[in-house]
Amino acid sequence: MRYSTLMIPTVKELPADAVVASHILMLRAGMIRKLAAGIYVYLPLARKVLHKIETIVREEMNRAGAQELLMPAVQPGELWKESGRWAKYGPELLRFKDRKGGEFCLGPTHEEVITWLFANEVNSYKQLPMNLYQIQNKFRDEVRPRFGLMRGREFMMKDAYSFHLTREECMEEYRVMYDAYMRIFTRCGLNFKAVEADTGSIGGSASHEFQVLAQSGEDAILACDQCDYAANVEKAESRGVAFEEVQVGNDPLTKVPTPGKHSIEEVSEFLKVGAEKLIKTLIYHDDDKNFTAVCIRGDQDVNEVKLKNHLDVNAVYLASDDDVVKVTGAPVGFAGPVGLKLPVVCDLSVKSVADGVTGALEKDMHYTGVNLGRDFTAESFADLRQAKDGEGCTRCEGGTLHAHRGIEVGQVFYLGRKYSEAMNGTVLDENGASKAVEMGCYGIGVTRTMAAAIEQNHDDNGIIWPMPLAPYQVVITPILYKEEMKEAADRLYTDLVEHGVDVILDDRNERAGVKFKDADLLGIPIRVTVGKKSIANGEFEWQLRRDGERRMAPMEQMTDIILETIRKEMDAHTPTKG
RNA sequence: CGGCGUGUAGCGCAGCCUGGUAGCGCGCUUGGUUCGGGACCAAGAAGUCGGAGGUUCAAAUCCUCUCACGCCGACCA
């Protein structure tokens with residue numbers, strides 16, 4: 001394309017309300033414009049990148065045997081009531097009524113619709129397995145959209161749903177999708193990790209997230225340096241302070257005054273005992289205000305996702321100050337399991353505390369010499385603690401977990417029969433018996449993937465696209481678009497176009513500096529500079545955006561060199577045959 | 001949802017405290033000189049000062065309400 005005909009409104013100044021690199025750079029490079037909070041227009045350059053991501057996604061999904069379809073963004077509330085999510089999904093579900101007062105929503109995801117379709121159209125086990133996907137805009141009314149495309153309200157997503165007669169077949173498909181995702185993100189040229197994850201509001205029981213590693217990522221990940229174990233911290237396990245056997249001491253249970261000391265640090269310092277001798281007691285409640293006391297060693301933190309799963313509730317909330325007073329009889333800071341009239345669940349770390357210290361359910365008082373089993377009992381034990389950087393790996397010998405930040409660009413779920421049972425997703429098996437099918441679902445945030453690619457690939461001058469995602473592979477920059485420079489640039493441009501290269505000819509009547517700055521900002525991987533002196537020597541000057549190093553090439557070889565460079569760059573991101 | 005903040009030309013901002021002609025930079029248009037890392041000169045176009053109500057002779061400026069947007073936070077006893 002000729003630059004002069006393209007709509008690429010670049011801007012020099014930093015956008016006022018953008019914070020992260022991808023947001024700033026997409027605004028500056030003329031890729032996106034905000035229409036409303038978390039809602040963006042994708043300008044031609046962004047649309048091209050999205051097309052490239054979509055193409056990779058389609059190729060790999062098709063290769064894995066999935067079929068593309070397209071479902072409506074507008075969905076009847078009826079379906080959501082049937083699945084139970086009309087009530088459960090919360091305010092993120094954008095609801096509205098049609099003229100007849102019928103309830104609808106904008107689809108944040110499509111389990112309901114796909115299951116409806118499946119229930120109506122598929123009747124026999126002979127039609128299984130089946131995997132259907134679409135690429136479509138989703139709407140989630142996020143509490144706080146932020147960081148440009150990283151957390152938008154309307155965003156492009158590839159969502160796939162698979163149906164199987166047995167759990168085994170479903171898990172097999174899960175593995176196929178996992179592999180397809182590995183190939184997709186590899187082909188996108190991204191540095192990413194597949195990590196074990198919690199299943200969240202979608203439901204189900206097995207899940208991996210695909211996280212693009214970047215400092216600005218919203219997710220925290222722990223990954224082993226020895227084996228391939230990696231998990232979202234929400235889910236991560238570590239070899240930490242779990243004890244099989246309860247440690248019991250001999251000190252008597254003693255009530256001691258601890259005036260005004262309510263934090264772990266304060267109590268620890270005041271009583272001159274380490275935080276690992278304290279048993280922290282936190283009061284949580286669920287949506288129905290059922291209270292539970294959670295005990296954990298003082299130097300550890302509760303992982304609320306693990307707690308939520310252990311209690312098998314929709315959500316857990318730390319009790320308010322008032323509620324704490326109501327259920328423990330003492331202000332915040334003095335809760336303890338001894339004599340507490342609430343169900344107590346303990347993290348495994350509590351077993352390691354002998355002669356511990358806890359709140360005494362009385363203002364300004366703590367107990368010392370507290371022993372599990374002797375002074376209090378737990379209703380249940382579970383791994384409820386937050387795993388931390390530097391702790392041991394539970395999956396291998398000697399491995400250590402390290403923290404990373406990640407941007408979740410994809411997730412695969414094993415759903416089981418959650419939706420099929422709720423919505424008549426059944427087939428007849430070979431014995432003629434009706435069976436609810438096993439389902440999996442598999443998502444990729446297409447627009448977020450674009451943002452993540454920029455987070456991972458940029459410098460002070462702009463974006464540095466990996467070749468597979470670059471909106472254009474080559475930009476030809478004539479110092480002046482006239483006379484011999486124009487002729488040489490035009491010839492090279494025509495030649496590259498004929499060879500199928502995605503190329504921009506910067507034919508604008510701008511000074512060279514302007515064109516260079518824009519080329520860098522847009523992040524085009526290869527730039528050919530057409531200058532008077534070099535073409536007088538029969539040469540083009542060219543460089544890679546990645547290293548900026550200037551190279552010279554005989555004019556007649558330029559096309560071949562570019563084709564070869566593109567090929568190498570693409571090969572570098574081609575997954576090994578599998 | 002809570003806290004803080006911001007809405008003035010397409011973008012970035014000043015003006016508001018102390019009411020009285022709406023301004024600067026970038027961008028845009030026209031002409032000219034330039035031309036290897038965001039040129040220069042000259043002349044222009046462009047704003048219901050987020051919206052509604054109020055105070056006042058007079059409101060971008062003061063008051064009330066409202067909308068939109070952004071940042072931070074969402075509790076570890």
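What you see below is based on every heavy atom in this structure, not just the backbone, and it leaves out hydrogens, waters and symmetry mates. So that the names make sense, note that chain A is the first sequence line, chain B the second, and so on, each numbered from 1.
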Counting side-chain heavy atoms from C-beta on, which of [options] comes nearest to [X]?
X: S534(A); options: G36(B), U34(B), G37(B); answer: G36(B)
X: A37(A); options: A39(B), G12(B), G70(B); answer: G70(B)
X: I479(A); options: C35(B), C76(B), C11(B); answer: C35(B)
X: E541(A); options: C71(B), G36(B), G38(B); answer: G36(B)
X: K34(A); options: G38(B), C71(B), C69(B); answer: C69(B)

Does any N or O donor sit under 3.5 Å from an N or O acceptor when you compare the side chain of R527(A) with the base of G36(B)?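 No, no donor-acceptor pair under 3.5 Å.
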K515(A) vs C35(B): side-chain N/O to OP1/OP2 distance below 4.0 Å: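 Negative; the distance criterion is not met.
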Distance test, side-chain N/O of K12(A) to OP1/OP2 of G27(B), below 4.0 Å: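 Checking K12(A) against G27(B): at least one side-chain N or O falls below 4.0 Å of OP1 or OP2.
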Show, in sequence, the C-alpha distance, side-chain angles and deciding distance for Y317(A) and K308(A), and conclude whether the side chain to side chain contact (heavy atoms under 4.5 Å, CB included) test is met. CA-CA 9 Å; Y317(A) 309 90; K308(A) 180 194 77 173; over 6 Å; no
Quick check: closest heavy atoms across R33(A) and L27(A), and the distance to 0.1 Å?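 Looking at all heavy atoms of both residues, the shortest contact is NH1-O, 2.8 Å.
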Of all heavy-atom pairs between S380(A) and V345(A), which one has the smallest distance, and what is that distance?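 Scanning both residues, the minimum pair turns out to be OG-CG1, 3.2 Å.
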So that I can tick it off, tell me whether R153(A) and D141(A) are bridged by a salt bridge, with the cut-off set at under 4.0 angstrom between side-chain N and carboxylate O.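 Result for this pair is yes, salt bridge flagged.
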Atom-to-atom span, OH of Y40(A) to P of G70(B) - whole angstrom: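 Result: 7 Å.
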For G37(B), the Watson-Crick or wobble counterpart (both distances under 3.5 Å):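 Looking at the geometry, G37(B) pairs with no nucleotide.
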Counting only Watson-Crick pairs (N1-N3 plus N6-O4 or O6-N4) and G-U wobbles (N1-O2, O6-N3), all under 3.5 Å, who is the partner of U48(B)?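 No nucleotide pairs with U48(B).
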